Amino acid sequence: MRKPLIAGNWKMHKTINEAIALATNIKKEVANLRNVEVVLCPPFTVLSHIYNVIQESDIKLGAQDVFWEKEGAYTGEISPIMLKDCGCEYVIIGHSERRQYFSETDQTINKKIKAALEIGLNPICCVGETLEEREAGKTIEVINKQLKQCLINFKVEDILGLVIAYEPVWAIGTGKNATAQQAEEVHKFIRNWFKENFSTSFSESLRILYGGSVKPTNIKELIKEEDIDGALVGGASIDAISFSQIIKNAIKNV
Ligand code: PGA
């Protein structure tokens, strides 16, 4: 019922020529695939180039961050309307690297989600616990707090298009992914959280991605879980072969 979604977070990688080559190769590999949605999230500097590459394919474009104001004296920032203008349909918001290195908070994430949705961008809102929090048995408590604060003051009709990415911080870029069972436990909690706080039908349609050391091999187990609807892929998304293999392996019942 929910179409799997595989999003590639290229982070701070790829010059213009490198980015065009990568997207061209991904497009060749996944051109004829149905039953899976593919989103590329390259750096801001190549968004327009990648938009041109993915024409005449079903691949979609996303950005890695956004500011909440429409325009103004905000040196260095990029507005939702600018992302739309480049052809973006998605935007990653609240990635743990932004929380960790750039002072992103649940409050700024809330503003960014609101601004993105208002302009018709689908936010991929990231949540996840640190290793310390997991070991202290606080995973669910942390996710609950992040969801509550990131989604404060929204009604269900405001958040259509929202995607959630559960990314345990200890699994990002470490090669140590959460097991399918560990991820499913949190995904199920998230789906129920939306059921209780928004509506049953919204929670059933919500796509919840797993992120953290996803590879062509482990996606097969992850995607079998009832509440895992795809992946937000970092390191493995900047290699055309591994990313394409993840996409192929994410098609349910294949
Ligand atoms: P990773 O990154 O796949 O390299 O662990 C995931 C992410 O940061 O979204």
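Predicted model, so just to flag it, every value in this text is computed and none were measured. As the structure lists them, so they are numbered: ligands from 1, and atoms in each ligand from 1. Atom set for the values below is all heavy atoms of this structure, side chains included, hydrogens, waters and symmetry mates excluded.
When all heavy atoms of Gln55 and Lys27 are compared, the pair lying nearest together is O-NZ, 2.8 Å.
Distance CG/Leu40 to CD1/Ile6: 12.0 Å, rounded to 0.5 Å. Put simply, SG on Cys150 and CD1 on Ile159 are 12.0 Å apart, with the number rounded to the nearest 0.5 Å.
Lys3 has no carboxylate O lying under 4.0 Å from a charged side-chain N of Glu37, or vice versa, which leaves the two without a salt bridge. A salt bridge between Glu225 and Lys188 is absent, with no side-chain N of the basic residue lying under 4.0 Å from a carboxylate O of the acidic one.
Relative orientation of the Phe67 and Tyr74 rings is tilted, given thresholds of 30° and 60° on the angle between their planes.
Every atom of ligand 1 with a heavy atom of Gly173 under 4.0 Å away is listed here by number and element: 1 (P), 4 (O), 5 (O). Close contacts between ligand 1 and Gly212 involve ligand atoms 5 (O) [criterion: under 4.0 Å to a heavy atom]. Atoms of ligand 1 lying under 4.0 Å from at least one heavy atom of Lys11, given by number and element, are 2 (O), 7 (C), 8 (O). Listed by number with element, the atoms of ligand 1 under 4.0 angstrom from any heavy atom of Asn9 are 9 (O).
The part of Ala171 lying near ligand 1 is the backbone, judged by heavy-atom distances below 4.0 Å.
Residue contacts with ligand 1: Ile172 is placed with no nitrogen or oxygen under 3.5 Å of a nitrogen or oxygen of the ligand (distance criterion only). Geometrically, ligand 1 and His95 share a nitrogen or oxygen pair separated by less than 3.5 Å. Note: an N/O pair closer than 3.5 Å links Gly235 and ligand 1 by distance alone.
Contact between Ser213 and ligand 1 is present, with at least one heavy atom of the residue lying under 4.0 Å from the ligand.
Ranking the protein heavy atoms by distance from atom 3 (O) of ligand 1 puts Gly234 N, 2.8 Å first. When hydrogens are left out, the protein atom nearest atom 9 (O) of ligand 1 is Glu167 OE2, 2.6 Å; that is the closest non-hydrogen contact.
In this structure, the salt bridge (charged side-chain N to carboxylate O under 4.0 Å, His left out) partners of Arg191, at least two apart in sequence or on a different chain, are Asp227, Asp229. Scanning for salt bridge (charged side-chain N to carboxylate O under 4.0 Å, His left out) contacts around Glu69 gives an empty result, with sequence neighbours left out.
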